[in-house]
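Data block below; observations after.
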Amino acid sequence: MKINITASIKKKILAKHGVTEKEVKECFANRDRFALRDEREDHQTDPPSCWIIAETNHLRELKVVFVVKDGVPAVKTAYEPNPEEVRIYNSKARLLD
């Protein structure tokens with residue numbers, strides 16, 4: 001799966017959250033649920049922001065926020081989710097078929 005992560009986003013998520021590009025790609029590969037759309041009014045973007053929570057190959061759980069441009073996810077940020085984000089994702093995101 002192709003995933004776009006700009007150099008500035010790679011630098012930001014590594015410096016701010018200790019997350020590598022490899023970990024982000026692992027999360028997309030390992031996810032077991034569909035993405036959720038960020039419906040909060042103060043987070044509206046065009047195209048809409050979406051997010052997943054998944055584990056890396058080393059079982060580190062991450063929240064990955066992205067937009068889809070030309071059918072390809074473009075990562076905006078990635079970090080360890082808080083318990084409320086995990087609860088929302090697990091209760092609202094449908095399992096992949």
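These numbers come from a predicted model, not from an experiment.
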ring-ring contact (aromatic ring centres under 6.0 Å, His included) partners of residues 65-85, not counting sequence neighbours, each pair once: His17-Tyr79, Phe28-Phe66
When you group the ILVMFWY residues by side-chain heavy-atom contacts below 4.5 Å and let the links chain together, are [Y] and [X] in the same group?
{"X": "Leu14", "Y": "Ile9", "result": "no"}
{"X": "Ile52", "Y": "Leu36", "result": "yes"}
{"X": "Tyr89", "Y": "Phe34", "result": "no"}

Would you give the length of the straight line joining atom [atom1] of [X] to atom [atom2] of [Y], rounded to the nearest 0.5 angstrom?
{"X": "Cys27", "Y": "Glu55", "atom1": "SG", "atom2": "CD", "answer": "8.5 Å"}
{"X": "Leu62", "Y": "Ile53", "atom1": "CG", "atom2": "CD1", "answer": "9.5 Å"}
{"X": "Glu21", "Y": "Lys11", "atom1": "CD", "atom2": "NZ", "answer": "15.5 Å"}
{"X": "Asn90", "Y": "Asp32", "atom1": "CG", "atom2": "CG", "answer": "8.0 Å"}

Contacts of type side-chain hydrogen bond (donor to acceptor under 3.5 Å, both in side chains), residue Glu84, not counting sequence neighbours: Arg87
Exceeds 12 heavy-atom contacts within 6.0 angstrom, atom NZ of Lys25: no
Pairs touching residues 60-72 that satisfy salt bridge (charged side-chain N to carboxylate O under 4.0 Å, His left out), sequence neighbours left out: Glu23-Arg60, Arg60-Glu80, Lys63-Glu85
Closest approach of [X] and [Y], non-hydrogen atoms and distance?
{"X": "Val19", "Y": "Ala78", "answer": "CG2-O, 3.6 Å"}
{"X": "Leu96", "Y": "Arg31", "answer": "CD1-O, 3.5 Å"}
{"X": "Ala35", "Y": "Cys50", "answer": "CB-CB, 4.2 Å"}

